[in-house]
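Computed from a prediction, not measured in an experiment: that's the story for all the values here. Protein chains get the first letters and strands the later ones, always in sequence-line order, with residue 1 at the start of each.
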Amino acid sequence: MKQFKIGTSWIRGVVGNGLTAELVTDFACAYGTYVGGREVVLARDTRASSPMLGAAALAGLLSTGCDVADAGVCPTPAAQYLVRSRRAGGGIAVTGSHNAAGWNALKFIDEEGALLNSVRGEALLDLYHLGEHTKASWDRLGKRKEAAGYVDAYLADTVGRLSVAAIRAAKFRVAVDLVNGTAAVAIREFLGFLGCEPILINAEMDRDFAHDPAPNARNMRQLEALLGHIRADAGFAVNTDVDRVGIVTEKGVALSEESTFPLVADHVLAGGGAVAVTNLSTSMMVDRVAERHGARIVRTKIGEGNVIFRAINEDAVLAGEGSGGVALMPVSRAFDGFLTMALVLEAMAAGGRPISDLAGRLPAFLMKKGEIPCSPDRVYHVLEEFRGFYRCEEVDLTDGIRVTWPGHWIHVRASNTEPILRVIVEGEDPERVERDFADTLFRVNTVVHGKS
Amino acid sequence: MSRIASLKISVSGVRGIVGQSLTPQLVTAFAAAFGSYAGRGPVLVGSDTRPSRHMVMPAVAAGLMSTGAEVVDLGICPVPSIQYMVAKTRAFGGIAVTASHNPIEWNALKFIGPKGLFLNQYRAEEVLDIYHQGEFRRVRDGEVRSVRRERGAFAAHLEGILKHIDREAIARRGFRVMVDCVNGAGAVATPELLAALGCRATVMHTSVDEPFPHCPEPIAENLQELVRTAREAEVDIAFAQDADADRLAIVSAKRGAIGEEYTVALAVKQVLKRVKAPVVVNLSTTQLVEDIAAAAGVEVQRTKVGEINVTERLLAVNGAVGGEGTGGAIIPAIHPCRDSFAAMATVLQLLAEEERSLEEIIDGLPRYAIVKRKAACPPERVFRVLRRIEETLGDGAAVDRSDGVRLTWERKWLHVRSSNTEPIMRVVAEAPGEDEARRLADKALVELKRCAE
């Protein structure tokens with residue numbers, strides 16, 4: 001079966017089996033038509049197929065008459081910054097992001113530097129399906145421009161808006177696992193800017209990924225081992241295009257990827273009265289943190305485009321997801337790994353406390369995540385039937401089914417990337433979580449296999 | 001109709017108008033088809049100077065890379081240099097991004113196979129079949145190979161040419177030479193060649209980022225500026241290249257544009273001095289080559305129009321020299337392809353050895369007038385047109401039906417065929433006198449139009 005999926009603000013697939021050069025060309029033509037001939041920023045990650053898909057995107061964009069500002073190997077949040085700073089019409093990032101080797105994707109960036117929201121994503125998709133792209137004549141084709149040399153301006157305009165002096169004064173030693181991704185183009189400048197001493201691993205951009213690039217605890221073992229042996233104030237793991245961050249404490253303990261957002265929120269929301277936006281599958285740690293500061297949490301469908309769009313509409317100060325992506329809304333509309341790392345360092349510097357202490361302040365819940373294979377044509381049937389189990393409780397149908405009780409919730413939804421159903425259960429009572437997790441898996445499995 | 005006519009997919013490659021038919025989708029898919037055919041490559045990719053190369057080249061690279069082929073990017077590069085490099089580096093093949101002599105809004109892909117020869121009909125059909133089947137070879141992320149940049153193609157090609165040329169003899173004469181590179185791929189190479197041959201050279205239109213100053217086909221009507229400047233400067237000889245530098249026309253300071261047929265004729269004259277082996281030209285080439293070959297005591301063989309047809313015959317019969325009357329001289333010892341640089345060097349050596357002026361050499365050859373016409377013709381009428389031409393005009397002629405129809409009389413011939421690259425029919429007539437040639441061509445044109453309508 002072909003592995004390919006179209007999302008709100010991206011297309012994603014297995015290279016050579018679903019995601020092809022021709023498909024990327026088509027989408028680039030649709031996107032060039034969508035932005036109406038304005039400049040488009042093009043970025044790519046370090047995957048072997050990214051230059052190939054990047055070339056296809058370049059050809060497609062130029063053919064519609066869009067000039068292309070080619071940022072080369074570039075983190076997605078930096079590309080999002082470039083779209084704004086160049087006043088471009090949009091951007092395309094060729095990156096498999098957190099997906100395993102073998103996958104790749106295009107992320108579509110709007111003129112404000114956010115990933116396309118669902119309205120814009122649908123407009124793009126309509127153009128793609130219509131297939132009638134703008135065709136520029138030979139003298140009106142777009143031109144490719146170099147967009148290198150952006151790192152200093154990007155850091156100054158994003159990270160530079162935090163309390164840099166306080167971070168510099170702390171003289172942190174910071175270990176970063178770059179997973180051989182795009183972070184390498186800016187990590188030394190970033191840590192230098194903040195006066196941190198860098199300890200970098202997997203920093204070669206021309207190598208295969210050292211491990212799966214999603215910055216979760218399972219993939220941070222190398223970083224844990226490193227911090228177990230050498231002294232550092234914090235360890236960070238980023239994914240290929242640096243929109244997600246995972247944290248390892250100074251004691252060499254990897255935190256769950258769910259901890260990044262609440263940990264930053266505990267620092268940013270401290271002012272009080274603010275709004276933060278997250279998705280339905282994110283840990284309720286952030287709800288407790290928000291309560292602590294009198295802030296409000298709004299939940300949306302999964303996906304950076306959806307979360308950021310809602311955050312704009314709610315005038316939120318912070319947006320984030322349990323996968324490790326965080327956006328500081330007044331500064332940028334991107335899940336930005338650099339900014340996220342800087343915010344964690346700022347929190348450490350502000351409180352004068354080690355990161356293990358900050359992590360210790362987070363409420364402790366048990367969260368269980370599971371997945372059940374389910375062919376795409378069965379998903380809605382399964383969800384529909386599964387809904388029948390929960391007549392009385394508070395059911396949210398924004399994205400799959402989320403059932404919430406005080407201090408406890410279950411979320412079952414279709415994956416955005418694979419033909420699977422994801423099951424998440426979280427709560428204060430570990431026994432209840434284990435029990436509900438087992439029950440839910442059993443129930444979903446039963447429905448999937450048609451035995452009721 | 002204009003939409004249909006703006007795209008031509010044939011064994012010569014795929015050619016279209018940018019902004020209409022030559023889309024990045026089409027280019028990527030064709031490159032993927034060629035990549036599926038080429039295996040792991042390497043595939044050498046180069047372009048002429050058309051502005052649309054900036055869009056077409058990445059589409060070619062993406063298509064090839066998606067099949068796991070190794071791509072070597074030669075940048076702006078004359079087609080004969082791409083062909084030479086494919087052979088020299090034992091690459092699988094190449095893709096030339098060039099619409100050759102077509103106007104600037106066109107672009108095209110030409111497929112080059114092993115040994116640097118264009119794909120012959122059977123190989124080209126295999127690629128077309130893969131394209132139409134749409135099932136391209138796909139590789140996984142980790143198997144996509146990065147593009148290698150190579151900028152030394154012409155240097156290697158020049159070295160290859162100079163091995164077969166008497167540099168000293170040419171340099172001693174210090175020829176005053178003028179060349180019109182039409183801002184094409186020749187611009188990156190021609191000055192180097194002329195410097196190596198010790199010529200006092202004036203090379204015009206070498207700005208590769210500027211549009212063509214005139215239509216890039218090196219025929220008399222496009223060479224007026226060169227004729228005028230060459231006359232004013234009183235150069236020994238002037239040349240004009242097309243956009244991808246495979247074709248060459250010769251201009252005389254005193255006689256003007258003498259016709260692109262003389263390129264092959266003079267190259268044949270020079271090469272046959274040393275090599276006594278057959279000459280191969282296409283059916284539309286001047287009969288001057290027969291006279292020159294007869295004087296040298298070798299035979300002339302004629303093939304269908306199309307570089308690969310001439311080349312394959314040249315290689316099969318171990319021919320000395322040949323080419324196409326449109327200005328494409330082929331000297332197999334250097335490399336069996338149409339090569340404006342090899343032709344320029346060879347003609348200059350002829351001038352050096354003869355110790356006569358270009359005009360004197362031409363005056364020493366029989367004089368023919370060649371007339372070329374073209375007319376639109378619906379594909380379904382082509383066969384009827386050819387039959388009609390043969391029936392009405394074929395009296396007393398030897399008939400050759402291998403490529404359209406060619407009628408040959410004593411010192412006179414007529415060739416009518418459908419173009420490989422455009423939806424038109426071409427008429428070529430040659431006779432000792434201008435009037436006679438024109439009459440013959442016009443008669444054919446009348447019959448053609450009558451049948452086509």
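Residue B/Leu109 holds its CG atom at 10.0 Å from CZ of B/Phe34, rounded to the nearest 0.5 Å. Here OG of A/Ser97 is found 3.0 Å from NZ of A/Lys107. Values are rounded to the nearest 0.5 Å.
Of the listed residues B/Met65, B/Glu105, B/Gln25, B/Met57, the one with more heavy-atom pairs under 4.5 angstrom with chain A than any other is B/Gln25. In terms of heavy-atom pairs under 4.5 Å with chain A, the best-connected choice from B/Gly68, B/Pro58, B/Ala61 is B/Pro58. Here A/Thr20 is the residue among A/Leu61, A/Thr20, A/Thr134, A/Asn104 with the most heavy-atom pairs under 4.5 Å with chain B. Taking B/Val147, B/Val18, B/Val56, B/Asn107 one by one and counting their heavy-atom pairs under 4.5 Å with chain A, the maximum is reached by B/Val18. Among A/Val14, A/Thr64, A/Val15, A/Leu62, the residue making the largest number of heavy-atom pairs under 4.5 Å with chain B is A/Val15. The residue among B/Leu64, B/Thr28, B/Val27 with the most heavy atom pairs within less than 4.5 Å of chain A is B/Thr28.
Both the backbone and the side chain of A/Ala56 come within less than 4.5 Å of a heavy atom of chain B. Heavy atoms closer than 4.5 Å to chain A are found nowhere in B/Ser146, neither backbone nor side chain. Neither the backbone nor the side chain of A/Asn17 comes within contact range of chain B; no heavy atom of the residue lies under 4.5 Å from a heavy atom of that chain. Using a 4.5 Å cut-off between heavy atoms, B/Ile104 contacts chain A through both its backbone and its side chain. A/Arg144 does not touch chain B: none of its heavy atoms, backbone or side chain, sits under 4.5 Å away. Heavy atoms closer than 4.5 Å to chain A are found in the side chain of B/Thr23, but not in its backbone.
Checked for salt-bridge contact, B/Arg247 and B/Glu217 meet the test: a charged N lies under 4.0 Å from a carboxylate O. In this structure, A/Glu111 does not pair ionically with A/Arg87, as no charged nitrogen and carboxylate oxygen lie closer than 4.0 Å.
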Take A/Arg120 and A/Phe108 through the test side-chain contact (heavy atoms from CB on, under 4.5 Å) and record every step on the way to the result.
CA-CA 10 Å; A/Arg120 291 175 168 175; A/Phe108 299 103; over 6 Å; no
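For the pair B/Asn183 (side chain) and B/Pro211 (backbone), a donor-acceptor distance under 3.5 Å is present.
None of B/Thr49, B/Thr98, B/Ile82 except one satisfies the side chain to side chain contact (heavy atoms under 4.5 Å, CB included) rule with B/Asp244; the exception is B/Thr98.
Side-chain contact, A/His98 with A/Asp243: no donor N or O sits under 3.5 Å from an acceptor N or O.
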